[in-house]
2 protein chains.
Amino acid sequence: MSSVRQIANELGISVATVSRAMNQRSGVSEETRRKVLELAQRHQYKPSMGRKPTNIIGLVYPEEPVKSDLGDFEASLLSGILRGVYEKKHDLAFISAARDKHPDETYTQFFHRKGVSAIIMRSLGDTSLVERITSEGFPVLLVADRSEDPAVSYLDSISHDTSRKAIEHLISLGHKRIGLAMHNIVDTDHQDRESGYRDALHDAGIKVDESLIVKAEANTAGGEIMLTRLLEQEHPPTAIFFTNPMSTIGALHKCLRLGIKVPKDLSIVGFDDSVTRHQTFPRYTAVCQDAISLGVEAARWITRAAQSDEAMPIYREVRPTSFEVLETTSYASVSPVRIGPDGELIRTV
Amino acid sequence: MSSVRQIANELGISVATVSRAMNQRSGVSEETRRKVLELAQRHQYKPSMGRKPTNIIGLVYPEEPVKSDLGDFEASLLSGILRGVYEKKHDLAFISAARDKHPDETYTQFFHRKGVSAIIMRSLGDTSLVERITSEGFPVLLVADRSEDPAVSYLDSISHDTSRKAIEHLISLGHKRIGLAMHNIVDTDHQDRESGYRDALHDAGIKVDESLIVKAEANTAGGEIMLTRLLEQEHPPTAIFFTNPMSTIGALHKCLRLGIKVPKDLSIVGFDDSVTRHQTFPRYTAVCQDAISLGVEAARWITRAAQSDEAMPIYREVRPTSFEVLETTSYASVSPVRIGPDGELIRTV
DNA sequence: TCCTACAGCGTAACAGTTACGGGCCCTCAA
DNA sequence: TTGAGGGCCCGTAACTGTTACGCTGTAGGA
């Protein structure tokens with residue numbers, strides 16, 4: 001209905017100018033460009049490229065560039081997304097949201113210019129971008145996070161109940177001082193895990209000791225740091241819940257290096273996005289989410305949204321996680337270990 | 001120069017028919033379609049989509065669908081490729097080579113139809129596809145493998161010399177019976193590592209014992225299997241070279257579980273694509289390749305190839321790997337351990 | 001005053017795609 | 001036998017967006 005020529009007529013300019021304005025080419029005054037983009041937005045203009053429909057799904061990260069090392073979670077999620085997208089005969093393109101978007105053009109215009117008909121978004125803690133894109137009416141699915149905005153569709157996994165179950169498991173083994181080692185970037189997932197931790201302790205009548213909650217980066221170094229920080233305390237915990245796979249790995253290796261026997265001296269509950277829990281020594285008890293199936297499901301929904309012409313109903317799903325007991329949790333130690341000022345191991349009597 | 005209308009004229013048909021034939025739409029007889037595609041290939045026809053240049057780089061895997069779990073190497077490689085592609089203001093799309101390519105259309109036509117101007121390919125052991133695409137003149141770079149075909153451009157890392165250095169390191173520590181644990185899918189990388197192993201032993205005057213060379217899948221289970229198979233022998237090795245990160249991890253954990261002291265009882269040299277060697281206990285001595293920088297470099301070259309109009313000169317580079325001594329190699333044990341029929345540990349005197 | 005340079009824009013020709021309709025052939029019923 | 005329908009194949013023409021080329025006006029300097 002609305003074409004380049006229509007916009008040109010309405011503004012009393014030529015189609016060439018409109019096209020130039022749309023594609024960030026030179027030879028257009030800033031004022032004309034702004035008017036064109038503004039009118040295009042009002043008309044919900046979609047370039048239809050000789051009418052040929054495109055079937056590319058975009059995968060958008062807010063950061064630029066994508067952080068150098070795709071973690072285990074991102075890799076598993078991507079595997080799942082690829083599988084789902086291929087199943088529906090679409091392709092997948094990585095799109096950088098920040099790189100070459102013109103400030104005056106809307107995200108809708110930007111994605112159309114890239115030939116992308118719908119996107120899957122990661123938030124990494126900041127959901128403002130997905131809310132803005134949703135408000136433009138462009139089909140977008142937030143994956144592995146949630147948004148307060150009631151218009152945003154998302155697919156997340158919920159770890160509150162399972163985290164709570166994990167802490168209850170520890171309490172049932174006699175643990176009373178339980179540490180919580182979290183990612184220092186707060187998203188809803190980590191809030192979930194923290195509230196599960198607090199609820200379990202509260203219901204068991206154990207007062208939360210804020211000094212037992214530590215935060216660091218979600219990598220092996222962060223795991224070592226958090227373990228050390230917790231065990232250097234005068235009254236160290238007898239069990240720790242790590243909310244991230246990499247920090248769990250780092251902590252387990254630090255224990256091996258220091259001579260801390262897991263689970264005899266210290267019980268550890270970790271988090272797993274795929275099969276990492278089976279690849280450590282000892283295999284760790286974990287709250288598990290299935291990142292692959294999360295990706296598959298996200299891809300299935302977004303391909304449907306890309307194909308349907310009218311707007312999809314808002315979609316919100318939180319998938320349950322599971323709790324798997326392996327080899328790193330046991331009865332609370334009667335003589336908890338702590339780390340001395342020189343890094344040596346001290347057994348409290 | 002050659003347009004849809006030109007092809008239509010030459011065949012005495014209409015542009016609509018040509019367009020339909022190109023895009024796998026119905027309403028064209030098979031014979032006409034074949035004639036159109038054949039002539040388009042002869043004319044080196046490139047659809048130029050209203051003259052608008054596309055700048056999407058394709059990432060192509062021969063298998064369909066992409067194997068469910070992107071390994072550490074694939075994830076690191078992808079990180080690097082993304083970084084390089086973004087740096088050059090291009091986008092990256094995953095393309096499935098097998099999914100919806102029409103048998104009669106060439107790969108060049110297929111990629112143009114997808115809006116992809118150049119591709120990076122993974123081989124997974126079979127280089128026939130990249131050779132075929134190269135022969136069509138489409139810009140393609142094979143990454144992390146090599147091809148015999150002199151027309152194929154590739155970027156690989158060579159591990160022969162470094163593998164040899166690793167074995168020489170073991171020999172200098174007094175090891176004489178050294179096991180080789182390989183991936184059961186043979187590509188040039190693994191051939192490299194095997195020949196480095198053989199050359200080092202040969203030059204040291206040690207006869208290769210074929211029973212010390214075992215193969216399995218490149219995952220943790222494969223590592224455990226290979227370790228077991230080697231140590232069950234009557235004259236077990238005192239050191240093992242694992243040519244894959246995941247099998248190295250599996251073997252190290254199996255050692256912890258069995259009570260085999262590394263490196264006192266058994267020395268292990270592993271392989272690393274990123275930073276895995278620092279995330280095990282003990283940290284393992286390894287032949288290291290940098291998958292991220294491999295990806296960055298591949299992306300830089302292919303974006304240049306995508307932008308230049310004429311064909312690029314053939315590009316071939318093999319990047320060196322490095323050898324890093326960490327905590328899993330030491331002097332050859334005087335009383336090598338072996339695994340008994342019931343899985344128990346036996347110390348040979 | 002005249003010349004040059006450049007930014008901004010329009011005309012027209014180009015690219016590829018598709019709605020519509022028209023032959024052609026086959027089938028089936030009157 | 002003939003007419004009606006229907007499906008396949010294809011062409012005409014109208015549509016999409018893009019760009020080479022040239023025009024106009026303005027600013028600056030010789």
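No experiment lies behind these values; they were computed from the predicted model shown. Computed over heavy atoms, backbone and side chain alike; hydrogens, waters and symmetry mates excluded. Throughout, a chain's letter reflects where its sequence line sits, starting with A, and its residues are numbered from 1.
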Check the pair A:Arg83 / A:Glu87 against salt bridge (charged side-chain N to carboxylate O under 4.0 Å, His left out), numbers first and verdict last.
CA-CA 6 Å; A:Arg83 203 191 296 173; A:Glu87 178 186 302; over 6 Å; no

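- Residue B:Thr17 has a polar side-chain atom (N or O) positioned under 4.0 Å from OP1 or OP2 of D:dG11.
- The side chain of A:Ile13 lies closest to C:dG10 when the candidates are C:dG10, D:dT18, D:dG11.
- Summarising the geometry, the separation between CD on A:Gln109 and C1' on D:dG17 is reported as 15 Å, rounded to the nearest angstrom.
- A donor-acceptor contact under 3.5 angstrom links the side chains of B:Thr32 and B:Ser29, judged on distance only.
- Taking atom CG on A:Asn9 and atom P on C:dC9, their separation rounds to 16 Å, with Å as the unit.
- Within 4.0 Å (heavy atoms only), B:Ser26 reaches no atom of the nucleic acid at all.
- Distance, B:Met22 CE to C:dG16 C1': 11 Å, rounded to whole Å.
- The nearest whole Å value for the distance from the CZ atom in A:Arg25 to the C1' atom in C:dA7 is 17 Å.
- Backbone-only contact: B:Ser29 has heavy atoms under 4.0 Å from sugar-phosphate atoms and none from a base.
- The C1' atoms of five pairs define one axis at each end of the helix from C:dT1-D:dA30 to C:dA30-D:dT1, and these two axes lie 30° apart (to 10°).
- Side-chain atoms of B:Arg20 and base atoms of C:dG16 include no donor and acceptor less than 3.5 Å apart.
- With ring centers used as reference points, A:Tyr86 lies 6.0 Å or more from B:Phe94.
- No contact: B:Val18 has no heavy atom under 4.0 Å from any strand.
- In this structure, A:Arg5 atom CZ and D:dA14 atom P are separated by 14 Å, rounded to whole Å.
- Nucleotide C:dG8 holds its C1' atom 15 Å from the CG atom of A:Leu11, rounded to whole Å.
- For the pair B:Ser3 and C:dA15, the criterion of a side-chain N or O lying under 4.0 Å from OP1 or OP2 is met.
- Contact annotation: A:Thr32 side-chain N/O to C:dG8 OP1/OP2 distance is not under 4.0 Å.
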Under the salt bridge (charged side-chain N to carboxylate O under 4.0 Å, His left out) rule, what do B:Arg122 and B:Asp145 come out as? Steps first, then yes or no, please.
CA-CA 8 Å; B:Arg122 291 279 290 130; B:Asp145 200 0; over 6 Å; no

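- Here the side chains of A:Ile119 and A:Ile95 are not in contact, with every heavy-atom distance at 4.5 Å or above.
- Taking the ring centroids of A:Phe138 and A:Phe111, they lie under the 6.0 Å cut-off.
- Checking the phosphate oxygens (OP1, OP2) of D:dT18, a side-chain nitrogen or oxygen of A:Asn23 falls inside 4.0 Å.
- Remark: B:Tyr45 is in phosphate contact with C:dG16, judged by side-chain N or O atoms under 4.0 Å from OP1 or OP2.
- B:Lys46 has its NZ atom 18 Å from the C1' atom of C:dC14, to the nearest Å.
- Side-chain N/O atoms of B:Gln6 and B:His43 include no donor and acceptor closer than 3.5 Å.
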In sequence, state the C-alpha distance, the side-chain angles, and the governing distance for B:Arg33 and B:Glu105, and then conclude on salt bridge (charged side-chain N to carboxylate O under 4.0 Å, His left out).
CA-CA 9 Å; B:Arg33 165 163 293 155; B:Glu105 77 181 337; over 6 Å; no

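- Following rounding to the nearest Å, A:Gln24 (CD) and D:dG17 (C1') show an atom-to-atom distance of 15 Å.
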